[in-house]
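Order of listing sets the numbers, starting from 1, for every ligand and every atom in it. Sequence positions, counted from 1, serve as the residue numbers for this chain.
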Amino acid sequence: MDRVRVLCRVRPTTTEEQARGERVVAIQGNQRLRLQNAAEYVGEHEASWAFDAAYDTDASQAQVYESIQPITQDVLRGFHATVFAYGQTGAGKTHSMFGPPDCSLDGPDAGVVPRLLKDLFAGLTAGDEVRVSCLELYDDLRDLLNEEHRPLKLRENRKDGSVVVDGAVDAVVKDVPATLALLERALVRRVVASHEMNADSSRSHFVASFRVTRPSINASAIMRLVDLAGSERVAKTKATGGTLNEAKRINSSLSALGNVIAALTSSTATHVPYRDSKLTRLLQSSLGGNAKTALLVCVSASSLHAEETVSTLRFGVRAKQVR
Ligand code: ADP
Ligand code: MG
């Protein structure tokens with residue numbers, strides 16, 4: 001498996017999208033995505049993008065999961081692994097990662113995260129341990145497993161240079177139902193917290209980390225599952241040349257992630273700017289080295305979102321070049 005596998009999923013169009021726009025995204029074969037009348041929306045000839053897999057609007061949660069499933073084997077063998085969902089607000093990130101709103105994480109429509117956890121636990125043997133932490137990164141880093149909503153600090157571990165989150169709950173979980181129950185509480189808290197802070201939850205990143213320790217084979221690894229903030233502000237800033245004021249409004253962590261990926265794909269860059277944001281610091285061990293990564297880019301099929309779609313697809317294609 002390549003270092004970064006990039007999968008693309010097209011969300012079904014809503015009735016509003018059908019009334020106001022037309023469908024412009026088509027899947028060709030099972031790996032390529034084509035934008036119809038592309039020149040109209042992006043003013044250039046770029047019209048087709050290839051990924052490791054491309055899923056049309058009728059793909060099931062189980063089909064999308066098939067491409068991501070190998071991650072559990074990597075983690076069980078001791079490789080760090082991360083699954084990211086990227087895309088504009090409403091493009092299907094949370095649906096793909098967790099499932100439809102109010103759906104049980106244990107139901108038939110459950111997303112990638114509960115499926116990964118089931119396979120992960122199925123591969124464990126006696127004596128193995130799983131610890132979970134759930135963080136939300138907005139402007140501050142917050143612990144979704146703790147009622148008390150105080151900001152957390154990131155710190156460098158002097159011994160091995162890894163990044164530690166001071167004071168975050170790191171709960172031992174024994175089985176799949178207990179883990180899903182914990183995640184469900186964290187997801188509810190994510191929404192509640194954004195209301196309390198009068199914030200926009202589409203601007204927050206959700207990072208669940210599962211630290212797997214396997215004494216029997218002397219292996220340990222972290223599996224990170226990341227539902228990223230909506231990418232639309234990043235696209236808008238780039239489209240207008242990115243003045244300072246606009247840059248303040250966009251999600252700086254998401255731009256920093258793009259810059260880290262750009263540096264990791266560049267043949268000339270000598271410095272990877274992990275330290276530029278809390279998100280990239282937190283994910284450093286998941287992005288560099290031997291870590292395995294799956295990136296699910298989510299897009300709408302509608303002409304109304306064509307520009308955002310192009311920007312999302314470009315991000316995905318870029319990430320595919322990380323080795
Ligand atoms: P995001 O997290 O990217 O902002 P959501 O996952 O919340 O977007 O999706 C927006 C809406 O579209 C939700 O109501 C979600 O259930 C629905 N949706 C997204 N993807 C799909 C899909 N593949 N099939 C059916 N409904 C979907
Ligand atoms: Mg979401």
Side-chain angles (χ1 to χ4, degrees), residues 6-21 23 25-27 30 33 51 53-68 83-105 107-115 134-138 142 144 183-184 186-195 197 199-208 225-236 250-251 253-254 257 279 294-302 304-313 315-316:
V6 183
L7 321 162
C8 177
R9 186 181 203 182
V10 185
R11 161 175 73 63
T13 39
T14 61
T15 14
E16 200 220 335
E17 285 171 342
Q18 281 162 24
R20 293 180 44 219
R23 182 175 171 150
V25 171
I27 302 285
N30 45 25
L33 192 146
F51 298 98
Y55 296 101
D56 211 339
T57 50
D58 57 357
S60 68
Q61 299 281 60
Q63 280 169 322
V64 173
Y65 176 61
E66 262 173 45
S67 305
I68 297 176
V83 180
F84 290 103
Y86 182 96
Q88 76 177 116
T89 300
K93 298 180 296 294
T94 303
H95 181 98
S96 298
M97 290 295 268
F98 297 101
D102 304 323
C103 124
S104 147
L105 289 182
D109 244 1
V112 163
V113 171
R115 290 169 197 268
C134 284
L135 304 174
E136 177 180 49
L137 181 59
Y138 194 66
R142 285 169 196 277
L144 294 173
L183 272 178
E184 273 169 5
L187 287 170
V188 169
R189 216 165 273 159
R190 178 191 196 187
V191 176
V192 172
S194 66
H195 286 311
M197 291 192 297
D200 172 3
S201 68
S202 70
R203 286 191 63 197
S204 83
H205 309 282
F206 178 94
V207 182
L225 308 175
V226 187
D227 186 4
L228 289 167
S231 60
E232 56 278 359
R233 290 170 182 84
V234 174
K236 281 197 185 100
I250 68 156
N251 197 303
S253 286
L254 209 52
L257 177 64
L279 181 70
L295 172 69
L296 179 65
V297 296
C298 298
V299 298
S300 149
S302 166
L304 302 179
H305 302 297
E307 281 175 30
E308 300 292 353
T309 297
V310 168
S311 138
T312 300
L313 296 171
F315 182 92

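Panel note: side chain Gln61, backbone His95; a donor-acceptor pair is recorded below 3.5 Å. No donor-acceptor pair under 3.5 Å is formed between the side chain of Tyr86 and the backbone N or O of Phe315. Counting only distance, with no hydrogens or angles, the side chain of Arg203 and the backbone of Tyr138 share no donor-acceptor pair below 3.5 Å. In this structure, the side chain of Glu184 engages the main chain of Leu105 through a donor-acceptor pair within 3.5 Å. Looking only at distances, no side-chain donor or acceptor of Glu136 sits under 3.5 Å from a matching main-chain atom of Ser204. Listed for the Lys93 side chain is no donor-acceptor partner under 3.5 Å among the backbone atoms of Ala85.
Atom 13 (C) of ligand 1 lies below 4.0 Å from none of the non-hydrogen atoms of the protein. In this structure, atom 21 (C) of ligand 1 has protein heavy atoms in its sub-4.0 angstrom surroundings.
Using a 4.0 Å cutoff on heavy atoms, Cys298 does not count as a contact of ligand 1. At a 4.0 Å cut-off, not a single heavy atom of Gly230 sits close enough to ligand 1 to count as contact.
Looking at ligand 1, you'll find an N or O of Lys93 within less than 3.5 Å of one of its N or O atoms. At under 3.5 Å, not a single nitrogen or oxygen of Pro12, backbone or side chain, sits near a nitrogen or oxygen of ligand 1.
Regarding atom 10 (C) of ligand 1, its nearest protein heavy-atom neighbour is Gly90 O, 3.7 Å. Protein heavy atom nearest atom 8 (O) of ligand 1, with residue, atom name and distance: Gly92 N, 3.1 Å. Nearest non-hydrogen protein atom to atom 18 (N) of ligand 1 is His95 ND1, 3.6 Å. Here the protein heavy atom with the shortest distance to atom 7 (O) of ligand 1 is Thr94 CB, 4.2 Å.
For Thr94, the nearest N, O or S atom to the Mg ion (ligand 2) falls under 2.8 Å.
Atom numbering of ligand 1 starts at 1 in the shown order; those under 4.0 Å from a heavy atom of Gln88 are 3 (O). Interface atoms of ligand 1 facing Arg9, defined by a heavy-atom separation under 4.0 Å, are 23 (N).
Taking the six-membered ring for Trp, Phe206 and Phe98 have ring centres closer than 6.0 Å.
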Would Arg23 and Glu17 satisfy side-chain contact (heavy atoms from CB on, under 4.5 Å), going step by step from the backbone distance to the final call? CA-CA 9 Å; Arg23 182 175 171 150; Glu17 285 171 342; over 6 Å; no
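Between the side chains of Gln88 and Ser300, not a single donor N or O lies within less than 3.5 Å of an accepting N or O.
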